[in-house]
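The figures here come from the full heavy-atom set of this structure, side chains too, leaving out hydrogens, waters and symmetry mates.
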Amino acid sequence: MSAATLTPSRKRDVQVAEIGKNTLILRSRTWERLKFEVEYSRQQGTTANSYLIQADKKVLIDPPGESFTEIYIQQLAQHLDFNTLDYIVLGHVNPNRRTTLKVLLAQAPQATLICSRPAANALKTTFQEWESRIQSVRSEDTLDLGQGHYLSFITVPTPRWADGLCTYDSASKILYTDKFLGAHICEDTLFDEDWKRLDVERRYYFDCLHAPQAKQVEVALDKLTVLEAKCYAPAHGPVVRYSLSRLTYDYRQWCQAQKSQELSVALLYASAYGNTAILANAIAQGLIKNGVNVEPINCELADPAEITRIIEACDGFIIGSPTLGGHAPTQIQTALGIVLSTGTKTKLVGVFGSYGWSGEAIDLLESKLRDANYRLGFETIRVRFSPTPEIMQQCQEAGASFAQNLKKTKKLRTPRQAVTEASVDRTEQAVGRIIGSLCVVTTRDEETHKGVLTSWVSQATFNPPGIMIAIAKEQNADLMRHPGDKFVLNILKEGRNVRRYFSRHSTLGDNPFANLSTQTAQNGCLILNEALAYLECTVQNQLECGDGWLLYAVVDTGEVFENDGVTALEHRKSGSHY
């Protein structure tokens with residue numbers, strides 16, 4: 001896809017195409033970042049995929065959210081007489097989707113809404129007038145549309161989408177997967193012919209949406225893979241026709257990798273209006289990016305025995321709550337009681353939450369945990385109303401900080417081995433004699449600039465000039481880890497203590513550039529004027545190896561500030577750490 005495709009000048013539209021027998025896809029497309037949630041931060045745009053099956057009975061699957069309502073309804077009307085619509089199937093329910101549903105149900109008053117039981121309960125609570133039009137289904141329930149189209153329903157609950165529902169059509173052998181097996185990328189290509197090119201977007205989508213719920217994703221995959229699907233039709237991104245087995249395999253591998261992390265954090269929360277759940281997801285991303293497994297617990301769904309088991313097994317826990325009528329929800333109070341009675345006091349903890357007016361629930365959680373002598377892994381996060389992009393960044397940084405504090409705590413409590421094999425010790429010392437240029441890598445996320453200190457840099461190619469950078473998994477360096485990402489490599493000068501402003505992990509916190517003279521490079525990242533030289537770079541390839549990644553980046557341009565200056569070097573005594 002050309003760079004021009006992603007420019008904001010291209011208007012939102014709805015792409016319509018036939019993908020199977022009597023089956024149309026309506027892809028509501030936006031070429032820009034849709035909103036500020038973590039999952040969209042790659043800024044490749046997205047598609048909200050909806051599907052129309054027109055047999056003897058007519059079914060609409062997964063209409064899009066309110067940002068597409070007008071153009072979607074206009075396009076749908078060209079392919080469907082609303083008076084003939086029999087069913088609307090919902091893979092999940094959220095407030096954003098209800099606006100489109102209102103319009104559809106007004107134009108098709110005879111249509112029945114089909115969804116899982118949790119989704120039906122949520123809809124009946126919010127829209128009591130719809131109660132007679134809502135039909136809940138369970139796994140193995142079917143619906144005969146005629147002409148060979150038998151829909152089978154599969155419930156796939158997860159902490160993030162407790163009402164998850166997938167649908168399989170035996171006639172077309174299309175499996176409608178909703179939030180599973182998709183990607184946030186917008187393009188004209190309908191199917192995944194060039195599926196290898198989608199690897200980065202698919203992995204990022206999984207990390208953002210599913211890595212915190214890997215255990216439940218594996219259960220869902222077990223349910224879905226027994227079906228003889230020839231296509232996966234997800235809620236976002238291209239229809240999967242050419243890489244079904246590969247993508248399914250990748251999902252299982254990613255789940256296993258997440259579950260096998262050495263450290264695990266329980267993330268407990270309840271969410272009245274969705275805001276606390278959004279905060280929980282952002283914190284989870286900070287943990288995951290720093291090599292920590294996340295066990296999410298939606299306290300509105302989990303039973304006390306499950307909460308007890310996870311709290312006893314985890315290395316630390318984070319608890320978040322909304323404030324309703326000046327109190328924490330009953331489910332959070334129950335979870336807090338379990339934590340205080342079963343969680344060992346050496347576990348690291350964290351508190352976050354959202355509120356409309358006073359935020360008493362957050363204060364309650366923090367005070368109870370402090371009184372019980374728990375140590376907090378980050379400053380308590382209090383968010384009034386909906387989170388902003390800055391708050392989302394703060395939550396990710398809090399997750400990263402929690403992970404680092406947890407690793408330090410674990411290291412301090414791990415007893416040293418009585419005997420260290422001399423050969424291993426000598427090897428580490430020998431590796432440590434490899435030295436590298438001390439540099440600051442600067443990246444940019446919209447208006448936020450970050451800098452990370454590194455010495456793991458070397459020239460990799462001459463034509464074109466290229467460099468190789470090694471990144472440890474615990475480093476928060478996601479903005480420079482994907483093909484196409486831009487950064488500036490600032491090569492530091494010996495004798496100038498610029499390094500004191502930066503750490504090995506890029507963090508939001510205090511602005512490291514506040515006390516430094518900078519200029520903006522052509523790629524939008526910052527150049528340190530006190531550096532010896534700088535290189536503007538574009539990531540071309542990445543390779544996961546050992547406990548980190550190797551990145552290859554092409555040098556776009558560069559400049560030496562002081563021809564007589566000497567490069568600052570990093571000297572180590574051990575090759576097992578910085």
[Y] versus [X], side-chain donor and acceptor atoms under 3.5 Å:
{"X": "Thr69", "Y": "Arg97", "value": "no"}
{"X": "Tyr72", "Y": "Thr100", "value": "no"}
{"X": "Thr155", "Y": "Ser116", "value": "no"}
{"X": "Thr248", "Y": "Tyr232", "value": "yes"}
{"X": "Glu218", "Y": "Gln256", "value": "yes"}
{"X": "Gln54", "Y": "Asn22", "value": "no"}
{"X": "Gln147", "Y": "Lys21", "value": "no"}
{"X": "His236", "Y": "Lys179", "value": "yes"}

Minimum heavy-atom separation for [X] to [Y], with atom names?
{"X": "Val265", "Y": "Phe317", "answer": "CG1-CA, 4.2 Å"}
{"X": "Ala229", "Y": "Leu244", "answer": "O-CD2, 3.4 Å"}
{"X": "Ala335", "Y": "Ile307", "answer": "CB-CD1, 4.3 Å"}
{"X": "Ala277", "Y": "Tyr269", "answer": "CB-CE1, 4.0 Å"}

Strictly distance-based, threshold 3.5 Å: is any side-chain N or O of [X] a donor or acceptor partner for the main-chain N or O of [Y]?
{"X": "Gln285", "Y": "Asp207", "value": "yes"}
{"X": "Gln459", "Y": "Pro465", "value": "no"}
{"X": "Asp250", "Y": "Arg203", "value": "no"}
{"X": "Ser243", "Y": "Arg246", "value": "no"}
{"X": "Ser50", "Y": "Ile61", "value": "yes"}
{"X": "Asn290", "Y": "Gly286", "value": "yes"}
{"X": "Tyr168", "Y": "Glu228", "value": "yes"}
{"X": "Glu300", "Y": "Ser271", "value": "yes"}

Using the rule given for side chain to side chain contact (heavy atoms under 4.5 Å, CB included), can you reason through Ile471 versus Trp456, listing the C-alpha separation, both sets of side-chain angles and the distance that settles it, and then say yes or no?
CA-CA 8 Å; Ile471 297 177; Trp456 293 353; over 6 Å; no
Are [X] and [Y] close enough that some pair of their side-chain heavy atoms sits under 4.5 Å apart?
{"X": "Leu143", "Y": "Ile114", "value": "yes"}
{"X": "Asn96", "Y": "Glu66", "value": "yes"}
{"X": "Leu104", "Y": "Leu60", "value": "yes"}
{"X": "Pro63", "Y": "Ile88", "value": "yes"}
{"X": "Trp549", "Y": "Leu543", "value": "no"}
{"X": "Asn293", "Y": "Glu262", "value": "no"}
{"X": "Leu26", "Y": "Leu76", "value": "yes"}
{"X": "Tyr205", "Y": "Leu181", "value": "no"}

Working for side chain to side chain donor-acceptor pair (under 3.5 Å), residues Gln15 and Asp188
CA-CA 8 Å; Gln15 180 187 26; Asp188 293 316; 5.3 Å; no
Are any of the side-chain nitrogens in Glu312 or Lys347 under 4.0 Å away from the carboxylate oxygens of its partner?
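Looking at Glu312 and Lys347, the cut-off is not met.
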Strictly below 4.0 Å, N to O, side chains only: are Asp13 and Arg29 in salt-bridge contact?
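Salt bridge between Asp13 and Arg29, a charged N being under 4.0 Å from a carboxylate O: yes.
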Between Lys450 and Thr443, does a side chain to side chain donor-acceptor pair (under 3.5 Å) hold up when you go through it step by step?
CA-CA 5 Å; Lys450 296 183 180 180; Thr443 56; over 6 Å; no
Taking the six-membered ring for Trp, is the centroid-to-centroid distance between His184 and Tyr204 below 6.0 Å?
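Not close enough - the centres of the two rings lie 6.0 Å or further apart.
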Can you tell which of Asp178, Asp62, Asp163 makes a side-chain hydrogen bond (donor to acceptor under 3.5 Å, both in side chains) with His92?
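Only match with His92 under side-chain hydrogen bond (donor to acceptor under 3.5 Å, both in side chains): Asp178.
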Pair Ser172, Asp169 - check side chain to side chain donor-acceptor pair (under 3.5 Å), show working.
CA-CA 6 Å; Ser172 61; Asp169 182 1; 3.3 Å; yes
Residues which pass ring-ring contact (aromatic ring centres under 6.0 Å, His included) with Phe352, listed by chain and number, not counting sequence neighbours
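Per chain and number, Phe352 pairs via ring-ring contact (aromatic ring centres under 6.0 Å, His included) with no residue.
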Near Glu18 CD, under 6.0 Å, is it more than 12 heavy atoms from other residues, nucleotides or ligands?
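Result for CD/Glu18: enclosed.
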How about NZ on Lys230, more than 12 heavy atoms from neighbouring residues, nucleotides or ligands closer than 6.0 Å, or not?
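Count not over threshold, so no.
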Under the side chain to side chain donor-acceptor pair (under 3.5 Å) test, residues paired with Arg309 that sit two or more places apart
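Residues passing side chain to side chain donor-acceptor pair (under 3.5 Å) with Arg309: none at all.
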Please name the residue in the list Ile185, Thr189, Leu190, Asp194 that meets the side-chain contact (heavy atoms from CB on, under 4.5 Å) test with Pro238.
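Option passing the side-chain contact (heavy atoms from CB on, under 4.5 Å) with Pro238: Ile185.
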Classify the ring geometry between Tyr242 and Phe191 as parallel (under 30°), tilted (30 to 60°) or perpendicular (over 60°).
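Taking Phe191 first and then Tyr242, their aromatic rings stand perpendicular (interplane angle over 60°).
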Using the six-membered ring wherever Trp is involved, compare the ring planes of Phe206 and Trp254 and label them parallel, tilted or perpendicular (cut-offs 30° and 60°).
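Ring orientation, 0 to 90° scale: tilted.
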Yes or no on side chain to side chain donor-acceptor pair (under 3.5 Å) for Glu295 and Ser264, after CA distance, side-chain angles and deciding distance?
CA-CA 7 Å; Glu295 287 276 3; Ser264 179; 4.8 Å; no
Quick one: is the NZ or CZ of Arg138 closer than 6.0 Å to the six-membered ring centre of Phe153, and within 45° of its axis?
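Judged by the rule (NZ or CZ under 6.0 Å from the ring centre, within 45° of its axis), Arg138 is not positioned above Phe153.
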